[in-house]
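Naming: A, B, ... by sequence-line order, numbering from 1 per chain.
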Number of protein chains: 2
Amino acid sequence: MKKLEHKACSKRILAIHDVMDIIGGKWKISIIACLCSRKMRYSELLHEVNGISGKMLSRDLKDLEMNQLITRRVVDTQPISVEYEISEYGSTLKQLTDDIANWGLEHRKRIFETTE
Amino acid sequence: MKKLEHKACSKRILAIHDVMDIIGGKWKISIIACLCSRKMRYSELLHEVNGISGKMLSRDLKDLEMNQLITRRVVDTQPISVEYEISEYGSTLKQLTDDIANWGLEHRKRIFETTE
DNA sequence: CAGTATCCGGTTTGATACTG
DNA sequence: CAGTATCAAACCGGATACTG
């Protein structure tokens, strides 16, 4: 877990900064959303999270694991595979990722309507 | 409104990418959260959104306005002031920003508990 | 007050090649 | 399969000075 700073200003704004540090960035929410639906291997995520590069995926997975949102388990197949799974704590983000995805879906509709 | 791309892959993941394009980044959610509570002038936001620079604030405000999430109104005082307000569409994000802030507040608690 | 312009270093990201 | 190493490009974001 990363240590947090403490400054004297609006708690809500600080809290939002914290969240964006953890799940902000281009890919993290997508990764979490994927893993909320089912556990996945590295290569599956690489395919599901459209557009992510291997480097970013492994870096973000490391971050998410560090923040205890997901778990990593090496499966002793030949060759090895690695299973990523949402943690109990991580699943407290499920509602949030759902809301984000749903807002995005509605937004798409709106865009396609207004731009014909 | 920005045009969106269209590729053949999971709609939910695409939707999430859209959302992160719009409200991702370091400051945008904080700005929206502020404006959800009340309309504010530029200088107020500069003070409320702890740590943001003038450049980033005006850039993000422009982005948010372009996406029709907020409105900008020049008030003819001397010197002029500018009032930013959440739009009707932008207020559909209120629940989301609340959820993010609340998750962040809980997360802070958790961190301070586990790291003593 | 509400910005814009410029400079500039740091971070993020992607492509590609490589490893166990 | 599941990554790591390296390089280069793009973008982010702060400080400062300036404008109407």
Side-chain angles (χ1 to χ4, degrees), chain A residues 2 5 7 9 13-14 16-31 34-35 38-67 70-85, chain B residues 2 5 7 9 13-14 16-18 20-32 34-35 38-67 70-85:
Chain A
K2 212 188 297 176
E5 313 151 41
K7 291 179 199 162
C9 67
I13 300 297
L14 272 188
I16 289 174
H17 285 351
D18 293 347
V19 178
M20 296 318 280
D21 273 357
I22 296 168
I23 60 170
K26 205 168 173 179
W27 307 109
K28 288 196 180 126
I29 299 255
S30 300
I31 296 170
C34 276
L35 294 178
R38 62 183 174 85
K39 64 173 84 163
M40 282 187 181
R41 281 176 301 124
Y42 179 85
S43 54
E44 289 181 292
L45 282 167
L46 207 51
H47 178 252
E48 290 289 323
V49 182
N50 187 261
I52 197 171
S53 68
K55 187 172 85 173
M56 282 305 109
L57 180 56
S58 55
R59 178 184 299 183
D60 283 353
L61 286 170
K62 234 179 257 171
D63 284 355
L64 293 173
E65 197 194 354
M66 218 175 51
N67 282 304
I70 62 173
T71 60
R72 177 182 185 275
R73 192 169 69 88
V74 178
V75 185
D76 198 5
T77 50
Q78 193 51 247
I80 68 164
S81 55
V82 180
E83 256 177 25
Y84 291 95
E85 191 170 5
Chain B
K2 213 189 294 175
E5 313 151 41
K7 290 180 200 163
C9 67
I13 299 298
L14 274 188
I16 289 173
H17 285 350
D18 294 347
M20 297 317 280
D21 273 357
I22 296 169
I23 60 170
K26 203 170 173 178
W27 307 108
K28 286 192 182 133
I29 299 254
S30 300
I31 295 169
I32 291 170
C34 277
L35 293 178
R38 63 183 174 86
K39 64 173 85 162
M40 282 187 183
R41 282 175 301 123
Y42 179 85
S43 52
E44 288 181 293
L45 282 166
L46 206 51
H47 177 254
E48 290 289 324
V49 182
N50 188 260
I52 196 170
S53 70
K55 186 173 85 172
M56 283 304 112
L57 181 56
S58 54
R59 181 185 295 182
D60 283 352
L61 286 170
K62 233 180 256 170
D63 284 354
L64 294 173
E65 196 193 355
M66 219 175 50
N67 282 304
I70 62 173
T71 59
R72 177 181 184 277
R73 192 169 69 87
V74 178
V75 185
D76 198 4
T77 49
Q78 194 51 245
I80 66 165
S81 56
V82 180
E83 255 176 27
Y84 290 95
E85 190 169 3

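Here D:dA2 is the nucleotide among D:dA2, D:dC12, C:dT13 with the atom lying nearest to any side-chain atom of A:Tyr42. Among the nucleotides C:dC1, C:dT13, C:dG3, the one closest to any side-chain atom of B:Val82 is C:dG3.
When the P atom of C:dA15 is taken as reference, atom CE of A:Met56 falls 11 Å away, rounded to whole Å. As a whole-Å value, the separation of A:Asp60 CG from D:dA2 P is 17 Å. The NZ atom of A:Lys28 sits 13 Å away from the C1' atom of C:dT13 (whole-angstrom rounding). Nucleotide C:dT13 holds its P atom 9 Å from the CD1 atom of A:Ile52, rounded to whole Å. If you measure from atom CG of B:Leu57 to atom C1' of C:dA2, you get 10 Å, rounded to the nearest angstrom. Rounded to an integer number of Å, the gap from CE of B:Met40 to C1' of C:dC1 is 17 Å.
Between B:Tyr84 and B:Arg73, every side-chain heavy-atom pair lies at or beyond the 4.5 Å cut-off.
Each of A:Ile80 and A:Ser58 lies near DNA chain D, and the nucleotide nearest A:Ile80 is the one positioned closer to the 5' end.
Within residues 70-78 of chain A, the residues that have a heavy atom under 4.0 Å from DNA chain D are, in order of number, A:Arg72.
The minimum heavy-atom distance linking B:Ser30 with B:Val49 is given by the pair CB-CG1, 4.0 Å.
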